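Everything numeric in this text was worked out from a predicted model, so none of it was measured.
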Amino acid sequence: MSDQDCLFCKIIAGEIPSEKVYEDETTYAFKDINPKAKVHVLVVPRKHYANVAELAQADPAQLAHTAEVAQKIADQEFHGAFRLIFNTGIDAGQTVFHVHAHVLTGEKLDE
């Protein structure tokens, strides 16, 4: 399931280039083009869900898998420590309406 106008659906389909960090049958992760930390990776379900609340309701196992992928990335990049952020809604800073987790790591992060 994808949205043909969705930026992340196009990235997952390979129509728009990205710097892949991880992929499996349900999930794709790639470097953010505007990083907010030394390592800033977006973890995206291959299926299109508008936000984390929609994902949690429709597929809680995929939401858990997203956290597991974030941990794998942090283990590879920075001894396992990471910050995981989901922006949900315009007023929260969501600009692409395909659920995605921001994994921030690679350095000690300020509060």
**OP:** Output the distance between atom NE2 (H65) and atom CG (L55), rounded to the nearest 0.5 Å.
**Re:** 11.5 Å

**OP:** Nearest 0.5 Å please: distance from the NZ atom of K108 over to the CG atom of D110.
**Re:** 7.0 Å

Original post:
If you group Ile, Leu, Val, Met, Phe, Trp and Tyr by side-chain heavy-atom gaps below 4.5 Å, do V21 and F78 land in one group?
Top reply: no

Subject >> Cluster overlap V96 with I12, hydrophobic side-chain contacts below 4.5 Å >> reply: yes

**OP:** If you link ILVMFWY side chains whenever their heavy atoms are less than 4.5 Å apart, which other residues fall into the same cluster as F97? By chain and number, please.
**Re:** I90

Subject >> For D5, all residues meeting side-chain contact (heavy atoms from CB on, under 4.5 Å), sequence neighbours excluded >> reply: D3

Subject >> K20: partners by side chain to side chain donor-acceptor pair (under 3.5 Å), with sequence neighbours left out >> reply: E23

Subject >> Shortest non-hydrogen separation from N34 to H40 and the atoms involved >> reply: O-ND1, 4.0 Å

Original post:
Which distance, rounded to the nearest 0.5 Å, do you find between the OH of Y49 and the CD of Q62?
Top reply: 7.0 Å

Subject >> Transitive ILVMFWY cluster of L104, excluding itself - 4.5 Å side-chain cut-off >> reply: I85, L109

**OP:** Evaluate the side-chain proximity of Q4 to C9: yes if any heavy-atom separation is below 4.5 Å, no if none is.
**Re:** no

**OP:** Using side chain to side chain donor-acceptor pair (under 3.5 Å) as the criterion, list what pairs up with D75, not counting sequence neighbours.
**Re:** Q71

**OP:** With sequence neighbours excluded, tell me which residues meet side chain to side chain donor-acceptor pair (under 3.5 Å) with E19.
**Re:** K31

Subject >> Side chains of L84 and V103 in contact at under 4.5 Å (non-hydrogen atoms) >> reply: yes

Subject >> Nearest atoms (heavy-atom pairs only) where A56 meets P60 >> reply: O-CD, 3.5 Å

Original post:
Can you pull the ring pair (Phe, Tyr, Trp, His ring centres under 6.0 Å) pairs that have at least one residue in residues 3-31, sequence neighbours excluded?
Top reply: F8-F30, F8-H100, Y28-F30

Original post:
Taking C-beta and beyond as the side chain, do P45 and T27 meet within less than 4.5 Å on heavy atoms?
Top reply: no

Original post:
If two hydrophobic side chains count as joined below 4.5 Å and joins carry through other members, does V44 share a cluster with V41?
Top reply: no

Subject >> Interatomic distance, L42 atom CG to I11 atom CD1 [nearest 0.5 angstrom] >> reply: 8.0 Å

Original post:
For residues 77-95, which residue pairs qualify under side chain to side chain donor-acceptor pair (under 3.5 Å), counting only residues two or more places apart or in two chains?
Top reply: none

**OP:** State the NE2-NZ distance between H98 and K10, to the nearest 0.5 angstrom.
**Re:** 13.5 Å

Subject >> Partner set under side-chain contact (heavy atoms from CB on, under 4.5 Å) for K38, not counting sequence neighbours >> reply: E107

Subject >> Separation between SG of C6 and CD1 of I16, rounded to the nearest 0.5 Å >> reply: 9.0 Å

**OP:** Answer yes or no: is there a donor N or O on one side and an acceptor on the other, between the side chain of T105 and the main chain of A81, under 3.5 Å?
**Re:** yes

**OP:** Using side chain to side chain contact (heavy atoms under 4.5 Å, CB included) as the criterion, point out the one residue from L63, N51, V43 that pairs with F86.
**Re:** L63

Original post:
Is the backbone of D24 close enough, under 3.5 Å, to the side chain of R46 for a donor and an acceptor to pair up by distance?
Top reply: yes

